[in-house]
Amino acid sequence: MAEVQVQEKGGKGGKVRSKKQNTRVDMTPMVDLGFLLITFFMFTTTFSKPNVMDLGLPAKPKDETKKPPPTEIKLSNSISILLGKNNRVFWHQQDATSLNDQTLMETTLDREGIRKVIQQAKSRAADQTKFTVIIKPTDDAVYKNFVDILDEMAITKSEQYGVTDIKPWEKAIYEKKVGGAAAPAAATK
């Protein structure tokens with residue numbers, strides 16, 4: 001384990017000096033003990049299992065012929081919100097025949113804008129318990145605006161809302177409205 005090495009020098013005369021003793025500690029047993037401890041702790045610890053988030057998905061219908069009918073949402077109980085480019089937000093409560101560039105209204109993403117619009121539409125709804133907000137982001141919309149709209153759903157306590165694609169007839173009016181507003185802005189540069 002530990003050894004003392006003595007060096008003898010052959011020499012004559014002089015003073016008698018004490019011999020210097022060099023000590024050497026053998027580290028082999030301590031390294032063995034370290035590896036044994038590492039091995040012991042590796043085998044006795046429990047490795048963390050990956051956490052998986054459970055998604056509550058609806059059950060698939062057993063019989064494909066017994067699908068529920070598609071849900072129809074009355075215009076008086078809903079509002080459609082279109083998220084556009086350049087942080088622009090549009091809304092309407094119209095169907096395909098009555099929507100035009102005058103009935104597609106523009107608002108802002110603050111409390112005086114979209115929050116007030118949602119609250120007013122909810123108060124005018126025929127059945128406030130079935131009031132639904134339909135969120136329709138365009139291809140030009142940014143993710144931040146989508147998150148802001150979801151925050152507004154929580155603030156206004158609108159528990160029924162859905163996200164869907166913009167319909168072709170809405171997209172035509174949207175592009176007409178955005179294109180008509182963007183053209184004069186480009187001409188002023």
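Positions are given from 1, in the same order as the sequence printed here. Not measured: the values here are computed from a predicted model.
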For side-chain contact (heavy atoms from CB on, under 4.5 Å), just list the numbers for Tyr174 and Lys85, CA-CA rounded to whole Å, side-chain angles, deciding distance to a tenth of an Å, and then say yes or no. CA-CA 11 Å; Tyr174 163 76; Lys85 65 179 176 181; 4.0 Å; yes
Does [X] reach the side chain of [Y], with side-chain heavy atoms less than 4.5 Å apart?
X      : Y      : value
Gln93  : Arg124 : yes
Ser78  : Val133 : no
Thr132 : Lys122 : no
Ile81  : Ile114 : yes
Thr103 : His92  : no
Lys136 : Asp165 : no

[atom2] on [Y] to [atom1] on [X], rounded to 0.5 Å:
X      : Y      : atom1 : atom2 : value
Gln119 : Ser158 : CD    : OG    : 8.5 Å
Ile155 : Ile118 : CD1   : CD1   : 9.5 Å
Lys167 : Asp95  : NZ    : CG    : 12.0 Å
Phe41  : Leu37  : CZ    : CG    : 6.0 Å

May I ask you to decide if Ala126's main-chain N or O and Asn77's side chain share a donor-acceptor pair within less than 3.5 Å? yes
Donor-acceptor pair, side chain of Glu175 and main chain of Ala172, under 3.5 angstrom: no
State whether Lys171 and Asp139 are salt-bridged, where the test is any N-O pair (Lys NZ or Arg NE/NH1/NH2 against Asp/Glu carboxylate O) under 4.0 Å.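 Salt bridge flag = yes for Asp139 with Lys171.
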Member of Ile166, Ile135, Asp140, Thr138 meeting the side-chain contact (heavy atoms from CB on, under 4.5 Å) criterion with Leu83: Ile135
Minimal non-hydrogen separation, Leu82 against Leu104, with atom names: CD2-CD1, 4.5 Å
Phe131 and Ala125: which non-hydrogen atoms are nearest, and at how many Å?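 Answer, listing the atom of Phe131 first, then Ala125: CD1-CB, 3.8 Å.
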For the CD atom on Gln160, are there more than 12 heavy atoms of other groups (residues, nucleotides or ligands in this structure) within a distance under 6.0 Å? yes
ILVMFWY network linking [X] to [Y], side-chain heavy atoms under 4.5 angstrom:
X      : Y      : answer
Trp169 : Trp91  : no
Leu109 : Val117 : yes
Phe90  : Met105 : no
Val89  : Ile173 : no
Val31  : Leu36  : no

Donor-acceptor contacts under 3.5 Å from residues 141-148 side chains, at least two apart:
{"from": "Lys144", "atom 1": "NZ", "to": "Asp148", "atom 2": "OD2", "distance (Å)": "2.9"}
{"from": "Asn145", "atom 1": "ND2", "to": "Asn87", "atom 2": "OD1", "distance (Å)": "3.0"}

According to side chain to side chain donor-acceptor pair (under 3.5 Å), who are the partners of Gln94, at least two apart in sequence or on a separate chain?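 By the side chain to side chain donor-acceptor pair (under 3.5 Å) rule, Gln94 matches Ser98.
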